[in-house]
Amino acid sequence: MLVDWLPWNHTFGGNHNVGIVLDNGGTLYIDDGKPTPIGMAETLRNLREIAPTIYFNVPTGFEAIAGAALSQPVWDSLHRTQESEVGERIVMGTGLGMTESGPFALYVTGPDVKSGDVGLPAPGIELKLIDVDGKTEVRYRGPNITPGYWRAPEATAEAFDEEGFFSTGDAVKWIDEGNIHRGLRFDGRIAEDFKLATGTFVSVGPMRAKIIAAGAPYVQDAVLTGINMKEVGALVFPTQQVRELAGLPASATMQQVLESAPVQAHFQHVVDTLAAAATGSANRIARLHLLAEPPSIDRGEVTDKGSINQRSVLKHRAALADALHDGSLPFTLKPR
């Protein structure tokens, strides 16, 4: 029994979720909700009413259910809630894939799983691990991998290497280098990483995860800035829970909420905490600004799976990123 909001034209909602219901003789309930502040109430109502035996979602969906980003502390919080309500943990699995792998290529096959684990290749999948600028890109070859892009021979040629492996742009590392049978962990998107003016690479994925964890439960996501500059900056999208932190009337605008003393103090602490743990310019957030305007689906700042498109945000908010680094952006927080 599955409750699902994912569109059937998407490989996750169609190939995967509709497919397993048909293959197993199951029941699929169409969820009118979605992982948004408004739509999540309907999803939660449907989950309570149907009580599915299995539930799939993208990370943003689980973040909305938990009320915060799916960092390890929130993962642990979900387990505590499960134990208090049903007396045991509900098995949570994770994996890694994309539309081109229809949809998943790796999956965690045991209950010992933490946030970021993506596990082992599915049966029939071959993996190739390639060093790219100091990170490890994972590439796929197998029967579920697309043969190419429709009527786009140049894009198809660029997507595959000389041995026919699909280049994902996803970075991974071993969960336990002493035991490769435990599989892999996600290590960000290579395409998102950038260099500072010093030539030092900034690993975007792990840095975003640190900001989300340090600011929980008040951070939805973050976009890193500083391409070809001396410092790393962060534009942060807050969750709606930040209103509770501000303690202002419900009529207050999001801008007023973000400029309030309690919110600024909280994120000053976040900046200071991150700076204290930094080991160099590439992993030190030198300036941070909270965004009142949420990411726009229409501008492509949010993908169809609800995750932030860093490149699109930086494109559409280029002036804001420039102001963050030239010191002209009000309410910019810096490490003390």
Side-chain angles (χ1 to χ4, degrees), residues 60 63 69 133 135 169 171 187-216 218-240 242 253-260 263-264 266-275 277-303 305-336:
T60 298
E63 290 166 7
D133 296 324
K135 301 190 78 171
D187 194 30
R189 288 280 298 165
I190 291 173
E192 292 181 338
D193 293 351
F194 60 88
K195 283 184 179 180
L196 294 174
T198 58
T200 305
F201 267 101
V202 176
S203 185
V204 171
M207 283 298 296
R208 281 165 67 178
K210 289 179 181 178
I211 295 171
I212 292 170
Y218 305 115
V219 176
Q220 174 188 345
D221 213 321
V223 169
L224 297 191
T225 64
I227 298 173
N228 295 323
M229 297 184 181
K230 295 180 180 179
E231 299 175 325
V232 179
L235 296 173
V236 172
F237 292 104
T239 64
Q240 288 296 314
V242 78
T253 66
M254 180 56 80
Q255 191 66 47
Q256 291 171 327
V257 167
L258 299 182
E259 293 175 1
S260 68
V263 172
Q264 289 287 305
H266 173 80
F267 281 94
Q268 181 64 60
H269 177 70
V270 169
V271 171
D272 293 341
T273 300
L274 292 171
T279 57
S281 60
N283 58 21
R284 181 178 186 270
I285 301 300
R287 47 194 70 220
L288 180 149
H289 180 76
L290 302 171
L291 298 171
E293 180 189 357
S296 168
I297 296 177
D298 294 337
R299 293 201 299 256
E301 294 180 338
V302 182
T303 69
K305 290 185 285 188
S307 57
I308 293 293
N309 183 332
Q310 161 128 341
R311 186 172 297 178
S312 182
V313 172
L314 291 177
K315 174 183 176 181
H316 293 289
R317 308 191 191 219
L320 200 61
D322 289 342
L324 175 68
H325 285 272
D326 68 22
S328 62
L329 189 61
F331 294 95
T332 293
L333 298 169
K334 301 178 182 180
R336 289 182 292 201

Once side chain to side chain donor-acceptor pair (under 3.5 Å) is applied, what residue pairs with a partner in residues 203-213 remain, sequence neighbours excluded?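 Of all non-adjacent pairs touching residues 203-213, those that pass side chain to side chain donor-acceptor pair (under 3.5 Å) are Lys135-Ser203, Glu192-Arg208, Arg208-Asp221.
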
Could you work out, with side chain to side chain contact (heavy atoms under 4.5 Å, CB included) as the rule, every residue matching Thr279, not counting sequence neighbours?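 Testing Thr279 for side chain to side chain contact (heavy atoms under 4.5 Å, CB included), a comparison that skips the adjacent residues, returns Asn283.
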
Contacts of Ala277 that satisfy side chain to side chain contact (heavy atoms under 4.5 Å, CB included) - sequence neighbours left out: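 With sequence neighbours excluded, Ala277 shows a side chain to side chain contact (heavy atoms under 4.5 Å, CB included) to no residue whatsoever.
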
Excluding sequence neighbours, so at least two apart, what forms side-chain hydrogen bond (donor to acceptor under 3.5 Å, both in side chains) with [X]?
X: Arg284; value: none
X: Thr198; value: Thr200
X: Asp326; value: Ser328
X: Asp272; value: Gln268, Arg336

Using the side chain to side chain contact (heavy atoms under 4.5 Å, CB included) rule, take Val204 and Met207 through it: C-alpha gap first, then chi angles, then the decisive distance, then the call. CA-CA 5 Å; Val204 171; Met207 283 298 296; 5.9 Å; no

To the nearest 0.5 Å, how far apart are [atom1] in [X] and [atom2] in [Y]?
X: Leu314; Y: Phe194; atom1: CG; atom2: CZ; value: 8.0 Å
X: Asn228; Y: Lys195; atom1: CG; atom2: NZ; value: 9.0 Å
X: Leu274; Y: Leu288; atom1: CG; atom2: CG; value: 8.0 Å
X: Leu258; Y: Leu291; atom1: CG; atom2: CG; value: 8.5 Å
X: Thr253; Y: Glu259; atom1: OG1; atom2: CD; value: 7.5 Å

Val223 versus Phe237: any side-chain heavy-atom pair under 4.5 Å?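 In contact.
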
Taking ring pair (Phe, Tyr, Trp, His ring centres under 6.0 Å) as the definition, give me every residue that meets it alongside His316, ordered by chain and number, with sequence neighbours left out.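 Partners of His316 under the ring pair (Phe, Tyr, Trp, His ring centres under 6.0 Å) test: none.
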
What salt bridge (Lys or Arg N to Asp or Glu O under 4.0 Å) pairs are there with at least one residue in residues 227-238, not counting sequence neighbours?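 Listed by first then second residue: Glu231-Arg287.
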
Just jot down the salt bridge (Lys or Arg N to Asp or Glu O under 4.0 Å) partners of Glu293, sequence neighbours excluded, or say none.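 Testing Glu293 for salt bridge (Lys or Arg N to Asp or Glu O under 4.0 Å), a comparison that skips the adjacent residues, returns Arg299, Arg317.
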
Scan Leu235, Leu224, Thr225 and name whichever one has a side-chain contact (heavy atoms from CB on, under 4.5 Å) with Gln310.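 The residue from Leu235, Leu224, Thr225 that satisfies side-chain contact (heavy atoms from CB on, under 4.5 Å) with Gln310 turns out to be Leu224.
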
